Amino acid sequence: MSVRTRFAPSPTGYLHIGGVRTALFNWLFARRHGGQFVLRIDDTDRQRNVEAALRPILDGFRWLGIDWDEGPEVGGPCAPYYQSQRTGRYRTAVKELLDRGLAYRDYATADETTAEREAAQREKRRFIYSRRWMAETDADAARFEGEGRTAVVRLKMPRERACRFDDLVRGPVAFDWALEQDHVIQRADGTHLYHLASAVDDHDFGISHVIRAEEHLSNTPRQIFIAAGLGYELPRYAHLPYVAAPGGSEKLSKRKLGKYLSQPDFKKVHDHGAGILAALGEDVVAETFNPVLVEFYRDVGYRPEAVVNYLLLLGWSLDDRTEDFTRDEMIEHFSLERVNRSAASFDPQKMMAFEERRMNALPVAAKVDAVSPYLERLGILGTEPNETEKERVAAVVAAAGDRIKVAGDIVRYTEFFQDDAAFPYDEKAFRKRIGAPDAADRLRRFRPVLETVDPFEAASLDAALQRFVEAEGIRIGQIIHAVRVAVTGKGVGFGLFEALEILGRAACLARIDRALEAADAGSGAD
RNA sequence: GGCGGUAUCGUCUAGGGGUUAGGAUACGUGGUUCUCAGCCACGGGACCGGGGUUCGAAUCCCCGUACCGCUACCA
């Protein structure tokens with residue numbers, strides 16, 4: 001049997017990290033077995049703008065490199081892949097279930113159902129519908145309709161024995177049929193519910209392996225009931241542990257951002273990203289700027305392969321030490337047998353560790369490509385940078401080295417692209433390094449060194465500064481920090497000599513002059 | 001409440017009747033360096049609890065406990 005897996009997102013407008021993990025495992029399993037991965041859109045309960053709400057989800061998957069063989073925008077032999085467009089199929093399936101006596105029309109009003117449920121709760125029993133308004137014959141139905149009632153369709157669940165199946169992750173599981181509710185599969189307005197739609201679609205799409213989140217484990221019997229009742233061959237089921245909140249055990253939720261932010265590790269990652277957006281002068285949209293969503297990582301400039309690699313290890317491992325996987329290695333090694341049974345909590349700090357390794361391993365040219373869009377957003381680079389500009393970017397990227405952890409970190413080095421008279425000074429650093437006693441004077445005496453040093457390159461600059469330090473009888477720290485602040489405006493940064501070389505002689509002198517003027521003015525900064 | 005699921009360092013995990021319980025990440029200390037980042041070295045840190053089986057239990061069994069899910073005309 002050919003392997004076909006699926007992921008069925010609801011068009012919510014964003015791509016949740018936990019959902020991606022589930023999709024990834026489906027994708028990996030399909031690729032591992034040379035099968036197909038299908039994207040199906042679960043939009044049974046939403047009439048709003050599906051296309052717009054789907055956009056971020058599809059974009060997110062494309063960014064991550066999780067491609068689908070069938071589904072929205074690519075089509076496929078089982079189209080349409082939108083549940084909202086498949087109601088005819090569901091209607092037929094409901095009719096079949098009705099005809100086989102596996103479902104019934106129920107004419108209870110919402111109030112009557114609620115009353116039964118509440119009674120059960122009071123008596124601390126599991127609520128099982130009494131079937132009091134069940135219409136098994138057309139005569140019954142006509143009578144109820146005569147009373148002005150409308151019908152939903154409910155599953156007529158067995159009242160004995162157990163539903164057993166072998167879960168590919170959890171092993172054998174069993175549920176008593178008698179404890180299963182007569183679930184509604186068709187609403188009074190004729191629309192259909194998830195379990196019906198899901199069972200029908202899984203069959204129609206030829207899904208061989210249903211790999212989904214753990215929360216569906218308890219739902220499986222009712223889907224098996226539907227599928228078996230319709231005479232479908234059952235898929236294999238694999239229930240993945242859910243992705244838990246950082247440092248916690250509850251399910252990771254987009255809505256609990258505030259709570260997660262009270263956790264230092266999580267906050268650190270969030271704030272790092274927020275800082276990048278702030279530097280870009282872009283507003284942080286709380287709705288999507290959330291490390292629980294994939295959009296966050298794309299926005300800030302994470303490597304998609306780092307995100308995927310991290311997610312792979314959230315609930316799956318190959319052995320006791322392998323952590324870094326290429327796309328091909330993931331596909332080669334992935335197996336459901338090695339999926340964990342317990343929930344894994346999401347740790348953005350660990351994700352960052354993967355990101356750092358990926359980014360550091362990137363050749364400079366690739367980093368330049370990653371970083372350039374951010375310089376464009378800053379207005380520093382045009383869409384078609386010239387060679388000089390590209391070289392400058394490459395030089396900064398190379399000098400920054402592993403300080404650029406995500407592509408957006410380039411915003412911390414804008415001073416290399418700004419006008420000598422315009423780049424900002426960090427006031428505190430300025431006061432400390434140039435405002436200190438004698439600092440400005442030393443800087444003034446150092447200036448001629450930069451005028452004459454030749455070539456104006458890191459190594460010779462280093463040597464020149466060493467000679468200056470010896471001649472002055474000072475420690476290197478007594479001059480180097482002042483120079484750094486003068487030419488970059490900052491107290492921290494990468495190697496000073498690289499910085500000087502990138503800027504070039506003229507810029508360095510101009511910047512030192514500007515700093516000295518500011519120092520004379522006593523303002524500390526402009 | 002009922003049913004189902006899960007339980008190893010803070011976190012992700014490996015392992016599993018006899019191990020110094022391994023790795024990663026995070027954290028701490030020291031070193032290197034012009035700051036930062038990094039790198040190097042070192043360090044602290046775990047088998048949910050109680051019974052049972054056994055020469056021996058973190059591992060197997062039972063009972064608890066905690067957490068999660070389902071128990072919707074949500075998905």
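In this text the structure is predicted, and so the values were computed from the model without any measurement. Letters A, B, ... mirror the listed sequences (proteins, then strands); counts begin at 1.
- The P atoms of B/C27 and B/C73 are separated by 48 Å, rounded to the nearest whole Å.
- If you take atom P in B/G51 and the same atom in B/G56, they sit 15 Å apart, rounded to whole Å.
- With distances taken from any side-chain atom of A/R321 to the nucleotides B/U35, B/G4, B/G22, the minimum falls on B/G22.
- Among the nucleotides B/C68, B/C12, B/C73, the one closest to the side chain of A/Y242 is B/C68.
- Side-chain atoms of A/A353 lie closest to B/U25 of the nucleotides B/G5, B/U25, B/C70.
- Using cut-offs of 30° and 60° for the angle between ring planes, the A/F296 and A/H270 rings count as parallel.
- If A/Q83 and A/F354 are placed on RNA chain B by their nearest nucleotide, the residue sitting closer to the 5' end is A/F354.
- Pair assignment for B/A26 gives none, since no Watson-Crick or G-U wobble pairing has each distance under 3.5 Å.
- Two rings, from A/F325 and A/W316, have their centers less than 6.0 Å apart.
- Under the rule for a side chain to side chain donor-acceptor pair (under 3.5 Å), the partners of A/R149 that lie at least two apart in sequence or sit in another chain are A/E112, A/E147.
- Projected onto RNA chain B by closest heavy-atom contact, A/S342 and A/F127 fall at different nucleotides, the more 5' of which corresponds to A/S342.
- B/U65: Watson-Crick or G-U partner is B/A7, with both key distances under 3.5 Å.
- Residue A/N360 is classed as having no contact, given no heavy-atom separation below 4.0 Å to the nucleic acid.
- The distance between the ring centers of A/F416 and A/F494 falls below 6.0 angstrom.
- Listed candidates were B/C34, B/A14, B/G5. Nearest to the side chain of A/R484 is B/C34.
- Closest to the A/S345 side chain, of the nucleotides B/U71, B/C34, B/C12, is B/C12.
- Here the nucleotide nearest the side chain of A/E356, chosen from B/G38, B/A24, B/C73, is B/G38.
- A/H216 has its ring centre less than 6.0 Å from the ring centre of A/Y194.
- Pair check for B/G56 finds none; no Watson-Crick or G-U wobble contact set falls under 3.5 Å.
- With a cut-off of 3.5 Å on both pairing distances, B/C74 has no Watson-Crick or G-U wobble partner at all.
- Of the candidates B/C3, B/A14, B/A75, the closest approach to any side-chain atom of A/H195 belongs to B/A75.
- B/C36 makes up no base pair with any nucleotide shown, lacking Watson-Crick or G-U wobble contacts both under 3.5 Å.
- Checking B/A75, B/G23, B/C36 against every side-chain atom of A/K350, the shortest atom distance belongs to B/G23.
- B/A41 and B/G50 have their P atoms separated by 39 Å, with the value rounded to a whole Å.
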